[in-house]
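Working notes, structure below.
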Amino acid sequence: MNTVPSVAAPATLERINVMKPWLGEEEAQAIVEVVASGWVAQGPRTAAFEAAFAKHQGVAHAVATSSCTTALHLALLVAGVKAGDDVLVPSFSFIATANAPTYVGAHPVFVDVEAGTGNVSVETLERGLTVATSAVIVVDQGGMPVDLSPIRRWCDSHGLKLIEDAACAAGSTYHGEPVGRGADVSAWSFHPRKLLTTGEGGMLSTNNAAWAQRARKLREHAMGVSAAERHTALVAPAESYAEIGYNFRMTDLQAAMGLVQLGKLDAMVARRRELVGKYRVAMENIDGLELVADPDYGTSNFQSCWIRVEPGYPLDREGVLAHLAKRGISARRGIMAAHLQPAYAHIRAGELPVTEALARDTLILPLYHQLSDTDQQRVIDALANPKE
Ligand SMILES: *Cc1c(COP(=O)(O)O)cnc(C)c1O
């Protein structure tokens with residue numbers, strides 16, 4: 001995994017990465033068992049992972065996919081978003097959030113976010129509303145829960161579908177419950193940059209049985225007969241294709257790993273929150289660095305633990321990244337602003353001042369399950385001594 005940093009770390013210092021998945025013997029063993037079983041494509045383990053994930057998140061249906069991006073694509077299809085529709089999305093997000101509406105021929109309309117959480121609110125969404133708007137994608141950015149209830153009411157009063165991009169947010173809570181269950185449909189990521197990983201992988205979750213069933217079909221070519229049905233029968237029933245589908249399947253190799261990882265999720269969140277607590281105490285004594293914090297209505301899994309570099313600090317964000325790199329510490333620029341990317345130059349966005357400030361001034365600190373106290377202290381010391 002380790003790549004050579006562009007600024008060489010002193011030979012005596014071991015590199016500290018921004019993220020590292022927590023994987024072990026158990027995941028390896030689970031995959032060995034799948035190989036031995038002879039069924040490696042989507043099958044019984046995927047079904048078991050879906051059931052376990054739905055139970056953990058308190059939703060009726062979970063449909064495993066090849067990624068969160070493909071889950072978002074399916075979410076827009078089952079929600080009935082059509083070509084030509086407008087879909088309100090935060091620009092302050094990974095590019096996939098804006099790409100999903102584009103895949104179905106809809107137009108992303110970029111809206112701003114609140115400075116404290118990096119998430120949209122009724123106020124920011126209202127400014128983007130058009131007559132063509134049919135849906136909203138909210139994001140739990142970096143695991144920070146979005147304040148869903150007021151947005152839910154606003155969407156209902158305007159007849160808009162509410163889709164939650166919960167890519168980062170497995171293990172985050174909203175009013176004491178897992179996030180993602182209050183939207184019409186939610187999408188999750190199991191990329192190694194998130195807490196729970198299957199290498200690549202994703203999930204769609206919904207309480208709408210018809211939508212879940214359609215998502216299941218669309219993910220395997222919209223085939224009228226499922227793979228499981230075809231393989232259990234000696235003479236498979238003839239298949240039919242009522243519409244054009246996709247291959248967005250998860251494999252049983254991934255699902256087996258996901259089952260093990262899901263069992264570790266609560267421990268991952270607890271460890272991350274403990275480490276963030278230490279960062280918080282340290283940041284209180286450093287002028288000009290503001291650490292993202294839980295809102296009063298929920299808790300973050302701190303998938304991304306970002307700090308905002310303010311004018312009171314002697315270095316700007318790029319300066320901090322270079323300063324940390326010299327000490328062998330690989331932090332990351334904060335969340336991007338999609339509306340500033342060449343791919344979306346054709347979309348006219350309104351004023352998004354908070355998005356642009358956050359994208360310019362935030363950076364993500366190293367945070368992972370096995371981050372040692374010594375290594376975390378190295379990060380803290382580096383931030384406390386910007387001139388050395
Ligand atoms: C990571 C991420 C995605 C994409 O997830 P994949 O599983 O890599 O497709 C989408 N949205 C957000 C907010 C993300 O952070």
Side-chain angles (χ1 to χ4, degrees), residues 18-19 21 46 49-50 53 62-77 87-104 108 110-111 113-114 117-120 135-146 148 162-172 179-180 183 185-205 215 219 246-251 254-255 257-258 261-262 272 292 300-306 332-339 341 343-344 355 358-359 362-364 367-368:
V18 73
M19 182 64 166
T46 303
F49 183 38
E50 290 173 340
F53 189 82
V63 180
T65 56
S66 50
S67 69
C68 178
T69 304
T70 54
L72 278 173
H73 187 163
L74 291 182
L76 287 156
L77 290 171
V87 178
L88 307 184
V89 300
S91 165
F92 186 67
S93 187
F94 181 60
I95 194 91
T97 310
N99 288 349
T102 312
Y103 296 149
V104 301
F110 293 117
V111 300
V113 290
E114 300 294 334
T117 58
N119 287 325
V120 299
V136 168
I137 305 180
V138 298
V139 178
D140 303 292
Q141 196 48 260
M144 190 55 57
V146 64
L148 199 80
L162 176 52
I163 297 159
E164 188 165 344
D165 179 348
C168 307
S172 298
V179 298
V185 52
S186 298
W188 310 82
S189 174
F190 307 131
H191 183 272
R193 180 66 186 79
K194 325 295 181 180
L195 272 67
L196 187 171
T197 188
T198 59
E200 292 278 1
M203 194 76 82
L204 173 150
S205 67
R219 120 185 115 170
Y246 305 86
N247 179 355
F248 288 166
R249 286 179 295 226
M250 177 179 272
T251 69
Q254 293 164 302
M257 185 165 157
Q261 286 268 295
L262 185 61
R272 293 181 80 80
V292 66
S300 178
N301 64 5
F302 290 104
Q303 182 268 342
S304 286
C305 175
W306 71 75
R332 283 280 181 278
R333 285 183 191 85
I335 316 300
M336 56 177 289
H339 76 284
Q341 293 302 312
Y344 284 104
T355 296
L358 287 176
T362 55
L363 68 103
I364 297 169
L367 185 65
Y368 49 87

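Worth knowing before you read on, the calculation uses all heavy atoms, side chains too, and leaves out hydrogens, waters and symmetry mates. Every number for a ligand or one of its atoms is a count from 1 in the order of the listing.
- For S304 against R193, the heavy-atom pair with the smallest separation is OG-NH2, 3.3 Å.
- Nearest heavy-atom pair across P90 and V113 is CB-CG1, 4.0 Å.
- Residues satisfying the side-chain hydrogen bond (donor to acceptor under 3.5 Å, both in side chains) test with S93, not counting sequence neighbours, are T97, Q141.
- Using modelled atom types, one finds a donor on one side chain and an acceptor on the other under 3.5 Å when comparing Y344 with T102.
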List of N/O pairs, ligand 1 versus protein, all under 3.5 Å?
residue: ligand 1; atom: 5 (O); partner: S189; partner atom: OG; Å: 3.4
residue: ligand 1; atom: 7 (O); partner: C68; partner atom: N; Å: 2.9
residue: ligand 1; atom: 7 (O); partner: S189; partner atom: OG; Å: 2.7
residue: ligand 1; atom: 9 (O); partner: C68; partner atom: N; Å: 3.4
residue: ligand 1; atom: 9 (O); partner: T69; partner atom: N; Å: 2.9
residue: ligand 1; atom: 9 (O); partner: T69; partner atom: OG1; Å: 2.5
residue: ligand 1; atom: 11 (N); partner: D165; partner atom: OD1; Å: 3.3
residue: ligand 1; atom: 11 (N); partner: D165; partner atom: OD2; Å: 2.8
residue: ligand 1; atom: 15 (O); partner: K194; partner atom: NZ; Å: 2.6

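- Y103 has its ring centre less than 6.0 Å from the ring centre of H73.
- In this pair, F248 and Y246 present their aromatic rings parallel. The plane angle is below 30°, not in the 30 to 60° band.
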